[in-house]
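See below for the structure under consideration.
What you see below is based on every heavy atom in this structure, not just the backbone, and it leaves out hydrogens, waters and symmetry mates.
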Amino acid sequence: MPVELLDAKPSDALPIHLVAKDGLGNAGLAPEIAAWANANGFAGEAGRVLAVPGVDGRLAGALFGTGQQENGLGFGVLARNLPEGDWHFATAPAHPELAALAVALGGYSFTRYGKKPGRELGLAVPAGVDADRLKRLVEAVFLVRDLVNTPTNDMGPSALEAAARTLAGAHGAEVRVTIGDGLLEHNFPMIHAVGRASHDAPRLIDLTWGASDAPKVTLVGKGVCFDTGGLDIKPASGMLLMKKDMGGAANVLGLASMVMAARLNVRLRVLIPAVENSISANAFRPGDVLQSRKGITVEIGNTDAEGRLVLADALALADEEQPEMLVDMATLTGAARVALGPDLPPFYTDDDALAAELAAASGAVEDPIWRMPLWKPYDAKLSSKIADMNNVTSDGFAGSITAALFLKRFVEKTPGWAHFDIFAWNPTDRPYGPSGGEAQAIRALEKVILARFG
């Protein structure tokens, strides 16, 4: 990784001095450093980095402005602004784990297709911070970003399966995959219907890890590797980011990586319906009625609402064994982005205790999420005149809520279920990472799983 997290501080590591807004006089700086800051108009502005020269002309350290209030993930700008070399925090951050994590995440670059990596930095892990856990988090987030950033010509359903197998091999997990017409034989008809028009056959990836008698935690991720919209085809502008429509699958693999690397006491299961929603003579159509694994019939009001269909079959399978905790993640609706924007994924659950734990964890690790209601009166909007339900509503209102209500029909036995409607993408550069694929909600989820089952 571009920023190497160092377990011990090298003897030649350079200091990073933290300075609050207009706080030069209280920063405990040597007089010559304070004079240098004043000469350069540095007043602790949030995110500003100022290199400090030494008396011999070599670099002596750097100043970092924390603004009026320290923002943990804001430390990520250091990865792109510090000169190369090894560094350490001479001033203890208020949240040292978050600060170190942000620096490591901020050094990410996607280099698969020839882009040059960023500068090479070393950062000494602050005292009291679990370096191994920090590295697990960074590796998981980078895995998510790499998967989402990879275009579909190299990340179709078969390649997504290969990525899951690689992760499983690294941790001794088992993988079973049901492919193509095998989905019909094993009763996953909606996964088959959505993906059958692609040359890369649809599949259900089923990863398991951990002791069979440990508490069951199941993660389900939407693996739509590209979404044309199907016969209800998207406009060209609507397809530009559709390589990221497998962001739910990428994020559950990242979360699984954290859980397995930490050797948590859980029986982990990861289910990924991996498909490409393509157009061909055998594509499913508006007006079709699909059977589902659960036996519920679904009228297709729009083929561009395909993610909930593949998730429904996978959730029905997950629900059959009643795990203690069931989480699904999906880049499911534009309505979620309209409501909360790209940075704040909504989540839905009827488990108030789980919701409270998730909210607390979100704040603690600066991994924003927001609970939205499973508003039961809106369930009627999914009615159909010829089937048990429709995959879309007729009025277009409350799209993220009604999508969650659609999924809820396929989870009946598991009380500890939560659905995350994520974006999995940074539209612009952020301190903690460049524009492109992004991990969302998984650090908050890792904290909850660790607290419950660690």
How about [X] and [Y]: does a side-chain donor come under 3.5 Å of a side-chain acceptor?
X      : Y      : answer
Thr178 : Arg176 : no
Asp328 : Trp417 : yes
Asn149 : Tyr108 : yes

Hey, is [X] close enough to [Y] for a salt bridge, meaning N to O under 4.0 Å?
X      : Y      : answer
Arg443 : Glu366 : no
Glu70  : Lys21  : no
Glu446 : Arg133 : yes
Lys381 : Asp395 : yes

Looking only at atom types and distance, does a side-chain atom of Gln440 sit under 3.5 Å from a main-chain N or O of Phe423, one as donor and one as acceptor?
-> yes
Are Leu121 and Glu4 side-chain neighbours, meaning at least one heavy-atom pair lies under 4.5 Å?
-> no
Please tell me if the side chains of Leu407 and Arg308 come closer than 4.5 Å, counting only heavy atoms from C-beta onward.
-> yes
Check Ser198 against Glu276 and note the closest heavy-atom contact, atom names and distance.
-> OG-OE1, 3.3 Å
Does Arg48 make a cation-pi contact with Phe64, if we ask for NZ or CZ under 6.0 Å from the ring centre and within 45° of the axis?
-> no
